[in-house]
Colleague: 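Okay, handing you the structure first.
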Amino acid sequence: ERDMPGAGPLTGKDLFSFAQKSCKMLDELIGQVQWVESFVTDSKVYCIYQSPNKAMLMQHASMSGLPANRIEEISTVINPVTAEKPAGP
C-alpha cells in the first residue's frame with residue numbers, strides 16, 4: 001500500500017514513468033521480486049508483488065523512491081470460483 005495523494009488523476013505518461021522506475025529497480029534485485037500488478041485510487045496505489053519476504057519489498061521501495069506505507073502477506077486468495085465448491089476439510 002503506497003500513500004500517494006493525487007494518484008487518481010495521474011496521466012498515462014506519469015504511470016509510464018512510475019512503472020519504468022519500478023521495473024528498473026526490480027532488474028537490480030535480479031529476479032528476487034516480481035511485480036504482478038497495481039491498482040490506483042485517488043490517494044493510494046495498491047501493488048501486488050511476489051517476494052521472498054517483506055524486507056525485499058522495503059528494499060525495492062527504498063531503491064525506487066516510492067513509498068511503501070504498509071506491506072501485508074497474502075495468505076489465501078478467494079474469488080467467485082471459491083463459491084462453487086468448498087475447499088478441503
Side-chain angles (χ1 to χ4, degrees):
E1 179 178 312
R2 301 181 191 280
D3 289 340
M4 297 181 68
L10 290 172
T11 66
K13 189 174 184 177
D14 294 331
L15 295 172
F16 174 82
S17 176
F18 175 84
Q20 286 286 306
K21 184 186 292 187
S22 181
C23 288
K24 182 178 179 189
M25 295 305 107
L26 289 172
D27 287 346
E28 291 187 25
L29 292 174
I30 311 169
Q32 296 180 68
V33 176
Q34 180 184 356
W35 177 26
V36 178
E37 63 187 344
S38 295
F39 303 91
V40 180
T41 69
D42 284 340
S43 62
K44 293 182 185 270
V45 177
Y46 297 92
C47 302
I48 307 296
Y49 287 93
Q50 291 182 351
S51 175
N53 54 54
K54 290 181 182 183
M56 292 299 298
L57 292 174
M58 290 303 294
Q59 182 177 352
H60 171 261
S62 177
M63 290 169 59
S64 63
L66 301 168
N69 304 94
R70 183 174 171 181
I71 298 173
E72 293 288 335
E73 184 175 344
I74 297 171
S75 59
T76 304
V77 176
I78 64 171
N79 58 41
V81 174
T82 309
E84 296 175 6
K85 180 176 146 186

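Just so you know, these numbers come straight off a predicted model, no measurement behind them. This chain uses plain numbering: 1 for the first residue, then up along the sequence.
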Colleague: Show the nearest heavy-atom pair for residues Ala61 and Arg2, with the distance to one decimal.
Modeller: CB-NH1, 4.2 Å
Colleague: Under a 4.5 Å side-chain heavy-atom rule over Ile, Leu, Val, Met, Phe, Trp and Tyr, are Val40 and Tyr46 clustered together?
Modeller: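 In one cluster: no.
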Colleague: Between Pro67 and Met4, is there a side-chain heavy-atom distance shorter than 4.5 Å?
Modeller: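 In contact.
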Colleague: Can you get from Ile74 to Trp35 by hopping between Ile, Leu, Val, Met, Phe, Trp and Tyr side chains that sit under 4.5 Å apart?
Modeller: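 Different clusters: Ile74 never reaches Trp35 through Ile, Leu, Val, Met, Phe, Trp or Tyr contacts under 4.5 Å.
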Colleague: Sequence neighbours excluded, which residues qualify as salt bridge (Lys or Arg N to Asp or Glu O under 4.0 Å) partners of Glu37?
Modeller: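 If we apply the salt bridge (Lys or Arg N to Asp or Glu O under 4.0 Å) test to Glu37, skipping adjacent residues, there are no hits.
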Colleague: What is the distance from atom CE of Met58 to atom CG of Asn53, rounded to the nearest 0.5 Å?
Modeller: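 The distance works out to 11.5 Å.
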Colleague: If hydrophobic clusters are built from ILVMFWY residues whose side chains come within less than 4.5 Å, do Val77 and Phe39 share one?
Modeller: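 Yes, it is one cluster - the side chains of Val77 and Phe39 are joined through contacts under 4.5 Å.
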Colleague: Which pairs count as side-chain hydrogen bond (donor to acceptor under 3.5 Å, both in side chains) when at least one residue sits in residues 73-84, sequence neighbours excluded?
Modeller: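 Passing the test, one end in residues 73-84: no pairs.
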Colleague: For residues Lys44 and Glu1, determine if any side-chain heavy atom of one lies less than 4.5 Å from a side-chain heavy atom of the other.
Modeller: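 Lys44 reaches Glu1 side chain to side chain.
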Colleague: Applying a strict under-4.5 Å side-chain criterion to I, L, V, M, F, W and Y, I'd like to know whether Leu66 and Ile71 cluster together.
Modeller: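 Shared cluster, no.
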Colleague: What distance do Gln32 atom CD and Gln50 atom CD have between them, rounded to the nearest 0.5 Å?
Modeller: 14.0 Å
Colleague: Is there a side-chain contact between Ser51 and Gln34 (heavy atoms, below 4.5 Å)?
Modeller: no
Colleague: Considering only distance and modelled atom types, tabulate donor-acceptor pairs under 3.5 Å from the side chains of residues 12-29, sequence neighbours left out.
Modeller:
from	atom 1	to	atom 2	distance (Å)
Asp14	OD2	Thr11	N	3.0
Asp14	OD2	Thr11	OG1	3.1
Ser22	OG	His60	NE2	3.1

